[in-house]
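A short write-up of the structure that comes next.
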Amino acid sequence: MQPKGPMEDGGEGRRGCGPLIPPLSDTLRPLRQQVFERVRAAGLIPRVQVAKDLGVSPASVTTITQELIEAGLIEEVAAPREGDQGRGRPAVSLGVRANAHRVAGMKLSDREHTAVIVDFAGNLIADDVIPRRPGPMALDEILTAIQTLLDRVCAKAGITRSELSAVGIGVPGFVDTVAGMVMWSSVLTERAVPLAAAAQARLGLPVTVDNDANLVTLAELWFGAGRGLADFAVVTIEHGVGMGYVINHRIYRGTQGLGMELGHTKVQLDGALCRCGQRGCLEAYIADYALAREATTALNWTHREGQSISVLLESLYDHAKAGNTAARSIFRRAGRYLAVGLSNVINLFDPALIILSGERMRYDYLYAQETLAEMDMLAIQTGRPRPPIEIHAWGDLLWAHGAAALALSFVSEGLLVPAREMAAQ
Ligand SMILES: [Zn+2]
């Protein structure tokens with residue numbers, strides 16, 4: 001025994017040092033959640049490999065996987081033999097039990113609403129799209145749209161709504177995911193709408209909501225180019241300009257869930273008017289409504305209320321391709337502002353990859369060689385290569401997949417981390 005010296009327990013207690021990480025947090029997940037997530041990410045994986053990957057004993061993995069199998073979340077699968085593996089006994093791997101749960105993911109946008117249904121292993125079962133008239137809707141109207149679309153996509157999947165375990169919904173705008181609140185969205189007439197609770201009451205299912213840019217980031221993290229990257233940025237250019245950021249394989253949302261609003265960072269004092277009500281936002285220079293505004297002025301086009309902005313932009317793009325100087329200069333100017341925005345992202349985060357995503361990426365003038373060269377000039381000069389930029393011109397289905405990933409993590413975390421579910425309520 002050590003003698004008790006005067007420095008020990010000197011009456012004032014000890015404050016300790018180092019970060020105060022709560023026992024159940026994103027950075028310190030329970031082992032059963034880590035095991036489940038490892039199996040889900042691998043697709044199929046032998047027990048011994050799970051133990052190696054997580055740095056724990058095979059015995060504890062065996063105990064935990066037995067629990068997960070009994071709970072019906074994972075299953076044993078006879079794996080095809082590779083090389084000299086599995087000599088003697090048949091090789092058995094673990095995989096997520098795909099039928100254990102089904103979830104729906106939905107993207108509500110100014111142009112159309114999209115939905116997918118995926119199983120617990122992330123396989124697509126059905127998808128559907130409903131076009132809509134542009135413009136904001138009242139809460140009741142949007143709930144009806146959600147219900148209609150959900151019932152349609154369920155019918156396609158051959159299931160009833162009650163067979164779903166959760167629904168993830170993405171909307172453009174400012175969203176507090178933890179509180180389930182939409183603080184502002186171009187698809188809603190009101191501000192500060194408790195969309196998750198309202199949709200949950202209407203559908204009779206657990207609902208989570210998120211910003212649509214976070215959903216496309218989740219889609220890249222779960223199904224796309226971001227699966228193997230610890231940190232990367234996704235910049236979306238659609239009706240607005242959004243951004244999602246992954247730090248240490250997890251999406252970063254900020255303290256109030258309102259972070260990463262790249263579209264509303266200011267690029268010009270007292271500049272162009274933005275949909276958010278402020279001036280000089282990046283979005284006010286490169287989003288589709290900004291391009292349409294320029295087109296109606298420079299080319300003397302009229303844009304009727306209710307007319308599809310996509311049709312107008314398509315026409316602007318055709319004019320640019322055909323050599324129309326005014327049309328080209330509109331895209332070129334938007335590209336220059338995009339370069340400012342991207343160089344700021346590089347200077348702030350130093351990401352491993354920047355993915356430019358969204359339907360507007362078909363308009364290649366936005367990311368022409370000149371734009372990227374300008375971005376290089378505005379980024380800090382270190383002599384090292386800048387992060388690679390990838391262009392993903394995927395449609396709304398990708399965004400809905402991200403919403404499904406949101407719902408999947410909601411379901412699995414609710415099952416694997418009951419304490420956190422209780423704490424969140
Ligand atoms: Zn703004």
Side-chain angles (χ1 to χ4, degrees), residues 22-45 47 49-50 53-54 56 60-61 63-77 93-106 116-125 157 159 162-170 177-178 180 196 200 203 205-210 214-215 217-224 226-227 246 248-253 257 400-425:
L24 289 179
S25 71
D26 269 0
T27 43
L28 204 65
R29 290 166 288 142
L31 189 56
R32 54 196 252 125
Q33 189 186 0
Q34 290 183 47
V35 168
F36 176 80
E37 287 180 356
R38 186 71 203 99
V39 171
R40 181 173 63 193
L44 281 178
I45 186 169
R47 279 184 180 81
Q49 191 60 45
V50 175
D53 291 351
L54 298 178
V56 294
S60 33
V61 168
T63 309
I64 287 172
T65 52
Q66 198 49 42
E67 277 174 40
L68 294 173
I69 289 169
E70 280 164 19
L73 302 180
I74 63 171
E75 61 190 0
E76 288 186 322
V77 179
S93 282
L94 299 167
V96 166
R97 203 167 69 84
N99 291 333
H101 293 275
R102 294 180 196 87
V103 300
M106 220 179 253
V116 297
I117 288 179
V118 302
D119 65 24
F120 203 39
N123 303 306
L124 179 69
I125 300 175
I159 60 170
S162 61
E163 288 174 72
L164 295 172
S165 298
V167 181
I169 297 176
T177 297
V178 175
Q200 194 156 323
L203 303 173
L205 292 167
V207 173
T208 45
V209 295
D210 206 343
N214 281 342
L215 294 187
T217 309
L218 272 175
E220 295 286 2
L221 181 63
W222 278 60
F223 304 106
R227 286 196 69 200
V246 167
N248 197 18
H249 303 280
R250 303 242 148 196
I251 198 153
Y252 178 79
R253 289 193 173 90
H401 258 99
L406 183 74
L408 280 178
S409 44
F410 174 83
V411 171
S412 60
E413 289 188 13
L415 292 165
L416 298 163
V417 199
R420 188 188 303 172
E421 192 189 31
M422 302 279 283
Q425 282 171 0

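Note that this is a predicted model, so its numbers are computed, not measured.
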Practice problem: Compare every heavy atom of Val116 with every heavy atom of Ala404, then report the nearest pair and how far apart it is. | Solution: CB-CG2, 4.0 Å

Self-check item: Heavy-atom side-chain proximity of Phe120 to Leu408 below 4.5 angstrom
Solution: yes

Quiz item: Given side chains that start at C-beta, do those of Val96 and Asp119 come closer than 4.5 Å, heavy atoms only?
Solution: no

Self-check item: Approximate separation, where rounding is to 0.5 Å, of Arg38 CZ and Leu31 CG
Solution: 13.0 Å

Quiz item: About how many Å separate CZ of Arg40 and CG of Leu94, when rounded to the nearest 0.5 Å?
Solution: 14.5 Å

Exercise. Take Arg29 and Leu416 through the side chain to side chain contact (heavy atoms under 4.5 Å, CB included) test and state the conclusion after the steps.
Key: CA-CA 10 Å; Arg29 290 166 288 142; Leu416 298 163; over 6 Å; no

Quiz item: Got a second to check how far Glu37's CD is from Ser412's OG, nearest 0.5 Å?
Solution: 6.5 Å

Quiz item: Do Gln34 and Ile64 have side-chain heavy atoms sitting under 4.5 Å apart?
Solution: no

Practice problem: Over all heavy atoms of both residues, which pair between Gly122 and Phe223 is shortest? Give the atoms and the distance, please. | Solution: O-CE2, 3.7 Å

Practice problem: State whether the side chain of Arg97 and the backbone N or O of Gly72 hold a donor-acceptor pair below 3.5 Å, judged by distance alone. | Solution: yes

Practice problem: Please assess Val103 against Phe410 for the test side chain to side chain contact (heavy atoms under 4.5 Å, CB included), listing each intermediate value before the final yes or no. | Solution: CA-CA 10 Å; Val103 300; Phe410 174 83; over 6 Å; no

Practice problem: Calculate, to the nearest 0.5 Å, the distance between atoms CD and CD1 belonging to Gln200 and Ile169 respectively. | Solution: 10.0 Å

Practice problem: Tell me, with the steps shown, if Glu220 and Val246 meet side chain to side chain contact (heavy atoms under 4.5 Å, CB included). | Solution: CA-CA 10 Å; Glu220 295 286 2; Val246 167; over 6 Å; no

Quiz item: Considering all heavy atoms of both residues, which atom of Leu215 and which atom of Gly170 are nearest to each other, and what is their separation?
Solution: CD1-CA, 3.0 Å

Practice problem: Of all the heavy-atom pairs spanning Ala98 and Asn123, show the shortest one and how long it is. | Solution: CB-ND2, 4.2 Å

Self-check item: Trace of the side chain to side chain contact (heavy atoms under 4.5 Å, CB included) decision for Ile117 with Ile159
Solution: CA-CA 10 Å; Ile117 288 179; Ile159 60 170; 4.1 Å; yes

Exercise. Pick out which of Ile251, Asp210, Asn214 makes a side-chain contact (heavy atoms from CB on, under 4.5 Å) with Leu406.
Key: Asp210

Quiz item: Backbone N or O of Ala41 within a donor-acceptor pair of the Arg227 side chain at under 3.5 Å?
Solution: yes

Quiz item: If every non-hydrogen atom of Arg32 is compared with every non-hydrogen atom of Leu68, which pair is closest and at what distance?
Solution: O-CD1, 4.1 Å

Self-check item: Donor-acceptor contact below 3.5 Å, side chain Gln33 vs main chain Glu413
Solution: no

Exercise. Apply salt bridge (charged side-chain N to carboxylate O under 4.0 Å, His left out) to Arg47 and list each qualifying residue two or more places apart in sequence or on a separate chain.
Key: Glu76

Exercise. Grab the two heavy atoms, one from Gly168 and one from Ala403, that are nearest each other, plus how far apart they are.
Key: O-CB, 3.4 Å

